[in-house]
Amino acid sequence: MGVSLTVLIAWAIGVVGWDRPAAADPLDGAEWAVVKCTDFTESCVEDGRLLPVKVTTIGFMHSGRLAWAVEEGTRVKKGEPIATQETDELKENIQRTEDDLAVAERGLAQQRQARELETKRLDAELQSARDGLELAGLKEKETLGHPTPLERDEADNLLKGAQARLAAAHAELDSMRPLVAKGYANRADLEAKELALKLAETDLANATLQANLLLAGAIAADRDRARLNRQQAEVAYKLKELDRRTSLEKIDAKIDAAEHSIKRLNQKLADQKREFEDSTRLAPHDGIVVYREIGWGEKKKLAVGDRVSRWQPPFDLPSYEKMKVRAQIPESVVRRLATRRDGQPGSKALIRVKTLPGRVYHGEVIWIDGWARDRNANLSNADVKAHGLSGLRVFDLEVELEESDPERLREGFKATVEFPIATLRGVIVLPEHAVRKAGRQATVRVASGSGIEERVVQLGAVSNGQVVIASGLKEGERVLIPPAPTEEVVVEPPVQTVGGNEASKVGGGSGSMGPMPSGGGPPGAAAPPGAPTKGGERPPGGSGRRRGGGSSGKGGRGS
C-alpha cells in the first residue's frame, strides 16, 4: 500500500511537471574563461554625429525664376548640372546691351575721325599764326636795324658827291671871274657859274639832309608800329595754341566718355554672359544635393517656378569624401587632447558608427572650442527649462576621419568617438556583464572544487563594456562569463540625459572616463568539472539560482 502511494505521488508529480513549461535557464550560453593579465587602454568615449568636412553652398549670381533642378538627395559628379534658371529675360538684356555697345562703338569711331579732321584744321591755323609771328618779328628787326651798313655808305657817298660838286662849282666860278674881268668871257657866263654854285650848295644841303635821315634810322612811330605788329602776332599765335588745345581737349573728353561707355558696356555684357553661363549651376565636386530652407518670413524649400535671389543660395552640396564627427568632451579630458595645427597632428581617436556595427574608423582631432558650456546648453529653451542643466561642463570638438567611405557614411549618422588617454599594463580585464553588483559590492563567479564560488572583487577602470579587476582574482583561475545581455531597441528621446546621471556614466556612456581593453575580453577555456554545458546543465552543488538577461539579486546588474 505504501509503495503504491509513493508511485502514485511520483506519477502525479511527473504529470504536473510535464504540464508546466520549463523556465529558460539563464546560464544557457555561458562560458568559462581563464583569467589572464593583459594591457588596458584608458579612454574617454563620447557620442556625436557625422558631418561632412566640406560643404559647398550653391546659389545664383542674379535673381530669377527656377526653371529646373535635380531632386533633393541626388548624387552628382563634378561638373554635372544641378539647377537652371529661366533665361528669356537675360537673353533680352544681352541683346539690348550688344545693340547699345554697337551704337557706342560707331559713335567712338566718328569722334576719332572728327578729331583727326579738327586736328588738321587747327594745326593749319596755328601754322599760319606762327608764320605771321615770324614775319612781324622780321619786320620789327628790320625796322629797328636801321641804319644798315649800306645806308651808312649811301649817306657818306651822298655827302661826298655833293661836297665834290660844290667844290667844282667854286673852282669854275673863281676861274670865270678873271676871264670876265679881262673880257675873255661875257657876263652871262659868270652868272651861269654863280647859279651853278648856288645849285651845288643846295644839292649839298639836300645830300646832308638825306644822309642825316639815313644815319638816323627808323623814326619812333615806325619803331612802335613794328613792335605793336609783332606783339599782336604773338597774341594771335597764343590764342591759336589755346584754341587748339581747348578744342582737342573737348574732343578727347568726348572720346574718353565714349571709351568709358564702351568699357562699361563690355563689362556689363561680360557680366550678363557670365550670368547666362551661371544660370546653369554645375557641381564643383562630387556630392549629394541638399535643398536649403529659404525665405525671409516663412521658410520653405525651393520648387520649380519659384523666384531665387542671389542673397539666399538654395542648395548645399556636401562632399562625403571626407567626414568628421562633432561631439563634446568633458573639461577634465580636454587638456589631454591636441588639435591639428601648423603641421603638427592632432590627438588620435577611434570612431564607431552606430549604423555600421563592427566597423572602426580612425580619426584626428582638428578643432576644439575655446570655452566650456553645460552639456545641455545646446538644447532648446523649453528642454533646458524642463530638464535643467546637467552640471557637466564640456567643450565642443571635431574629429576628422582618416578613411574615406563615401558610399556608406552620411551626414547625421550617430557615432561614438573614443579618445585613448593612457594604457595600463598587465591588468586583469573582464566583460562588465560578468560582474554582479549589489550596492557597493561587486562579485564574480569563480570555478572551485565544490562548484561555483561567488567571490567579492574590487573594480578598477571601466570602458567599452570591459572592467579592470583591481583585486580578488588571480591569473589561471576560471571565471564564468554569462551571455551578454540582449540590447533593447529604444527610440531615443530628442534630448540627452540630464542631471547627475549624465556626469556619473562610466564605460561606453557619453561623457564617461574609463579604460578600453586593448586585447578584448579574456580568452575562453575548456569548462572545468561541474561547469555548465551548452545544453544548460548546471554543476552539482551550485546554488541553482536562475539568472537571465534582467537584473538578478538585490541591486545587482543583469548578467
Side-chain angles (χ1 to χ4, degrees), residues 41-55 73 75 287-288 290 318-330 333 337 347-367 375-376 378-379 383 387 390 392 394-421 431-433 462-467 483-498 501-518 520-521 549 557-558:
T41 301
E42 184 181 4
S43 64
C44 175
V45 181
E46 286 288 341
D47 290 334
R49 64 187 183 94
L50 283 177
L51 295 170
V53 173
K54 180 179 181 181
V55 179
R75 182 187 296 273
I288 293 179
V290 178
S319 172
Y320 296 117
E321 294 295 329
K322 273 291 184 180
M323 300 294 289
K324 62 183 178 181
V325 178
R326 186 75 178 263
Q328 295 177 328
I329 196 75
V333 182
L337 302 180
S347 299
K348 300 299 181 181
L350 299 176
I351 298 98
R352 296 174 177 84
V353 182
K354 294 186 178 181
T355 58
L356 302 174
R359 181 71 167 89
V360 179
Y361 298 89
H362 296 81
E364 179 182 0
V365 178
I366 59 173
W367 173 78
R375 184 178 291 280
N376 290 348
N378 290 334
L379 300 181
D383 290 333
H387 301 284
S390 67
L392 179 65
V394 294
F395 288 81
D396 291 339
L397 85 166
E398 291 180 352
V399 178
E400 183 177 321
L401 276 65
E402 296 177 355
E403 297 94 337
S404 178
D405 195 357
E407 297 298 328
R408 295 192 293 179
L409 298 182
R410 288 292 178 272
E411 180 178 0
F413 278 8
K414 294 183 179 180
T416 58
V417 187
E418 186 172 344
F419 302 96
I421 304 300
E432 194 176 0
H433 65 269
V462 182
S463 178
N464 269 353
Q466 305 289 325
V467 59
T486 303
E487 293 186 0
E488 298 180 2
V489 178
V490 181
V491 178
E492 297 188 5
V495 295
Q496 302 181 30
T497 307
V498 296
N501 293 336
E502 183 68 15
S504 62
K505 282 187 179 182
V506 293
S510 177
S512 64
M513 268 292 299
M516 174 186 68
S518 61
R557 176 172 177 170

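Starting from 1, each residue takes its place in the sequence as its number.
Put simply, CZ on Phe419 and SG on Cys44 are 7.0 Å apart, with the number rounded to the nearest 0.5 Å. One finds the OG1 atom of Thr416 at 10.0 Å from the CD atom of Glu46 (value rounded to the nearest 0.5 Å). Distance check, rounded to the nearest 0.5 Å: NZ of Lys324 to CZ of Arg49 gives 10.0 Å. From Glu42, atom CD reaches atom CD1 of Ile421 across 7.0 Å, with rounding to the nearest 0.5 Å.
Remark: Glu402 engages Lys348 in a salt bridge (Lys or Arg N to Asp or Glu O under 4.0 Å) (not counting sequence neighbours). In terms of the salt bridge (Lys or Arg N to Asp or Glu O under 4.0 Å) criterion, residue partners of Lys322 (sequence neighbours excluded) are, by chain and number, Glu400. A search for salt bridge (Lys or Arg N to Asp or Glu O under 4.0 Å) contacts involving Arg408 returns Asp405, not counting sequence neighbours.
The only member of Ile366, Val365, Val325, Val417 that meets side chain to side chain contact (heavy atoms under 4.5 Å, CB included) when paired with Leu397 is Val365.
When all heavy atoms are compared, the tightest approach of Leu50 to Met323 is CB-CE, 4.1 Å. Contact record, Ser347 with Leu337: OG-CA, 3.3 Å, taken as the closest heavy-atom pair. Shown here for Val399 and Ala349, the closest heavy-atom pair between the two residues is CG1-CB, 4.1 Å. Residue Ala327 comes nearest to Gly48 through the heavy atom pair CB-CA, 4.1 Å, listed as atom of the first residue, atom of the second, then distance. Scanning both residues, Pro406 and Glu321, for their nearest heavy atoms gives CG-OE2, 3.7 Å.
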* Asked: Given the rule in the side chain to side chain contact (heavy atoms under 4.5 Å, CB included) test, do Lys354 and Asp47 qualify, once you have shown the distances and angles that lead to the verdict?
  -> CA-CA 10 Å; Lys354 294 186 178 181; Asp47 290 334; 4.1 Å; yes
* To do: Decide side chain to side chain contact (heavy atoms under 4.5 Å, CB included) for Leu356 and Phe413; before the verdict, give the C-alpha distance in whole Å, the side-chain angles of both, and the deciding distance to 0.1 Å.
  => CA-CA 10 Å; Leu356 302 174; Phe413 278 8; 5.5 Å; no
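Within the 4.5 Å cutoff, no side-chain heavy atoms of Val394 are placed close to those of Ile329. Contact annotation: the side chain of Glu432 never approaches that of Gln466 to less than 4.5 Å [non-hydrogen atoms, C-beta and beyond]. Side-chain atoms of Val45 and Arg352, non-hydrogen and from C-beta on, never get closer than 4.5 Å to each other. The closest side-chain heavy-atom distance from Val333 to Phe395 is not below 4.5 Å. Side-chain atoms of Ile351 and Val360, non-hydrogen and from C-beta on, never get closer than 4.5 Å to each other.
Between the Ser319 side chain and the Lys54 main chain, no donor and acceptor come within less than 3.5 Å of each other. For the pair Glu403 (side chain) and His362 (backbone), a donor-acceptor distance under 3.5 Å is present.
The cationic group of Arg410 lies under 6.0 Å from the six-membered ring centre of Tyr320 and within 45° of the ring axis, placing it in a cation-pi geometry.
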